[in-house]
Every structure is written in C-alpha cells, then in structure tokens.
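A quick write-up on the structure given underneath.
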Amino acid sequence: MQIEKYKIENHNESLLKAHRSKFEYSSATIEKAESIVKKLTDFQVAIPSWALGTGGTRFGRFSGGGEPRNLEEKIEDIGLLHALNKSSGAISLHIPWDIPENPSHIKALAAQNGLQFDAMNSNTFQDQPNQQLSYKFGSLQNVNAAVRRQAIDHNIEVIRYGAELGSTSLTVWLSDGSCFPGQLNFREAFQNTLSGLQEIYKALPDNWKIFVEYKAFEPNFYSTTVGDWGQSYLYTSKLGNKAYTLVDLGHHLPNANIEQIVSLLLMEGKLGGFHFNDSKYGDDDLTAGSIKPYQLFLIFNELVEGMDAKGMNHATDLGWMIDASHNVKDPLEDLAQSVEAILIAYAQALLTDSKALRQARQDNDVVKAQEILQHAFRTDVRPLVAEARLRAGAALDPIALFRNEKIREQLIKNRGTKTVATGL
Ligand code: LRH
Ligand code: MN
C-alpha cells in the first residue's frame, strides 16, 4: 500500500506553523543549521527485511497483524516508511528468508518505492528444510569439511542474488562457537573460519565489500568464533582491503566502550558499517536510542570526527543499517523511531564544536570537554530533522501520520491478523 502525496502535504500543512517557529529558533541558535539539514537529507538508513513483522523470544511471540507475507509486501512496507521519512531509502535482505524469486521484478518494485538494495545477509545459523548437512556445531568453523563447503557455497549464492539486485556488499554473521569448555579447538575454529571467509572473499565482485559482524555470545554461550572487534579485525586484516568489520551495537559485553571501538576501527580503515539498535542487557535488538541515547551520540561524535579526518563521505562511505526486532511495538512505528534517533544523534554530532573540543583536550580541561559534548547532546535538533523531512517531501511527524491514516488497520484489512513475516 502506498500513501498519497496529498495526504503528506495536508498533514504537513496542519503542522507547518508550529514547525516554522521551532525551526526559526533552531536556525537562529544553531550556527551550522543549514549545512546540518542538507547532510540529514542525504543520510539514508537501510531497513532490515527481517524486522517488518513482530519478532518474539523463546517465551512467546505476539503478532500485531497485517504483517508482510512475502518480499513484495516487505518492499511495500519499507517504501511506505520511506515515503513517511525519506530517510529509509534502502532494504537489507536476508537469505533464504527473502529469496528474490524474480530478481528483475523485485528490482523494479524496489525502484518504484525509491529503494536501493544495501548489504545482503547470509544465514548459516539455521538449518533449512532441504539442507544436506546441519550447522548444529557451526558452519565455517565446523570440523567437517563438507559442512564448511556447504556454508561457503551458500554465501557465494547470496552474493549472486545480491549482484542481480544491485547490492554491493555481503554481511557475514556467524553464530559459530561453543557452549562448553573443551568443546572447541579455538585455533582450528579460527583457521577453518578464515579459510572459509577467504573462499567467499575470492567470489566477491570487484566493487563489493564483505562485512564481518562480531558478537560476544548467543546462541553459543561459552565462546563465539567471531566474538569481538579484535577477532573481526584479525579476520578482515588477513582477508584483504574489501573486508571490513560490522558493528552491531547489541553485540558487546556489558559496558563495552563502543565509541572507542568505532574510533579505532575507523582509524584503521576497517570500519564497514553498523547494525543500529539498543539494549540494556544482551542482544535485545530494541529501538535505537531508546535505552542509551548518549552512547549513540558519542558513537556518532567519533564517526563525524573520524570520517572528516579521512575525508570520507558521511552518507555513502559506511553501511548504515538497522537490525532490530519488535516484541511489543508496531514494527513500522519502531523503525520510524529508530531512524529518527539515528538522525538526531548524527545532527547533534555535527553541531559539536570540534575545534573547541580539541583545545579543551589540549588543555586537559576535562570539565570544558564534557560541557562541549553535553551542550551538543542537550541541543534539541528535532526541528532540523523535521525540516530535512519537509524539504524531502516527507511527513513532519511520520508516526502521527501513520496513525491518523490508520495504516496498520488498513494493512490488517488487506492481509489479515494472522500473517507471519519471515525473519526473527
Ligand atoms: C545476529 C544478528 C545478525 C543477523 C541476525 C538477524 O544477532 O545481529 O546481524 O543476521 O541478527
Ligand atoms: Mn546484526
């Protein structure tokens, strides 16, 4: 289902007066307001194809209804979200959950909805119905060469699907690891995984990147074979210059300093991209910025500083993706909130007075340094984010319009209450 342009215009008309006064105040008080709005309009966040239904946990799953029944409907839902915020212009597919049976049709449908194909995701953490060999004891790490071969071939197949759709990157997240001491030879697991990744790397088209995503634990609870940024950096350094580390915010041990990890990977030219979400305990996959918004700001602060130091293009030189699952929220409202939180953190980082911060650091003026950062974090940049939407033809208040137009109710009417989207 699409949302008519006139409905967005009428919605904006009703909110314009209030928005104008807020934006005028922001423009008057935020020196770089105009350049920030421009950067915000260019900044697109890819939406995971596996997060358009209601997720769940092993304890239960409570469907909200109207979930997409196939890849076509997933593209329509992301197209609808993109129409509402004009900041979600890409979809990240997960194979085999979203096999594009008819690639040219899928490509055309995505284009109609203003969507590009971001990183493809392989899946060797589940056994598929028609699969020969099980991944119970891992995929690329597996002691059985035939299982490793099966996993390598799957990743090469995913690259082929992506190439047909115009994607230029592959994300490899391996659930491989062990649950008990003694179960695994860590060195052999590393070596097997590295040689598997090297075969996949060789199959990458010239203009492609491979993102090696690390995770501290789950589903293995004693060791994970790509368990932290150091291990991922080891793999990507040995693989070559098309290999980068992917940082999923929920994949760290409690209290890890993620902004420091980001700054060092960026410094080394090995930061490939992000899976944005938030968490309080484990890999909770909650709405970005919903638990630790200051951490999200600090991460973007390192990104802006580090990318500018390397002359990188903020909008295109890293993979900006969400990876979340929704247990109690409407998936599209949750994704809209995540995109908003990411743009707010980016805008706040852009207004950080980096010159004054450098001076405060030079003077070891710790109080001043914190004041500079927290001034940026405490500055309300929402009028700038809304103005960027307005100029891009999107809605000033995406969630309000989503609700006023009763879009979920319409999706339930069209699709039913019991439809289940493939994914987590
Ligand atoms: C693993 C992960 C990975 C995806 C999966 C859906 O926790 O973050 O990125 O493949 O979630
Ligand atoms: Mn992830």
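Just so you know, ligand 1 is whichever comes first in the structure, and atom 1 is the first atom listed for that ligand. Numbering starts at 1 and runs along the sequence shown. In this text, all values refer to a predicted model and were calculated from it rather than measured experimentally.
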At a non-hydrogen distance cut-off of under 4.0 Å, which region of Asp283 contacts ligand 1 (side chain, backbone, both, or neither)?
-> side chain

Any chance you could measure Arg148, atom CZ, to Asn142, atom CG, to the nearest 0.5 Å?
->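 One finds 7.5 Å between CZ of Arg148 and CG of Asn142.
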
To the nearest 0.5 angstrom, please state how far the CZ atom of Phe402 sits from the CD1 atom of Ile407.
-> 5.5 Å

Identify whether the distance between the nearest side-chain nitrogen and carboxylate oxygen of Lys107 and Glu164 falls below 4.0 Å.
-> no

Is it the case that ligand 1 has an N or O less than 3.5 angstrom from some N or O of [X]?
X: Trp50; value: no
X: Asp285; value: no
X: Asp248; value: yes
X: His251; value: yes

Which atoms of ligand 1 sit under 4.0 Å from any heavy atom of Lys215?
-> 7 (O)

Quick one: which ligand 1 atoms are inside 4.0 Å of a heavy atom on His275?
-> 9 (O)

What is the name of the N/O/S atom of [X] that is nearest to the Mn ion (ligand 2)?
X: Asp323; value: OD2
X: Glu213; value: OE2
X: His275; value: ND1
X: Asp248; value: OD2

Can you report which non-hydrogen protein atom sits closest to [atom], along with the distance?
atom: atom 2 (C) of ligand 1; value: Asp323 OD2, 3.3 Å
atom: atom 9 (O) of ligand 1; value: Glu213 OE1, 2.7 Å
atom: atom 10 (O) of ligand 1; value: His94 NE2, 2.8 Å

Hey, is the main chain of [Y] close enough, under 3.5 Å, to the side chain of [X] for a donor-acceptor pair?
X: Asp308; Y: Gly306; answer: no
X: Asn220; Y: Phe217; answer: no
X: Ser134; Y: Lys136; answer: yes

Write down the atom of Thr124, the atom of Ala151, and the distance for their closest heavy-atom approach.
->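 The answer is CG2-CB, 3.9 Å.
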
Indicate the atoms forming the closest heavy-atom contact of Gly289 with Ala341, along with that distance.
-> CA-CB, 4.2 Å

Leu93 side chain reached by Leu165 side chain, heavy atoms, under 4.5 Å |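 Sidechains of Leu93 and Leu165: in contact.
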
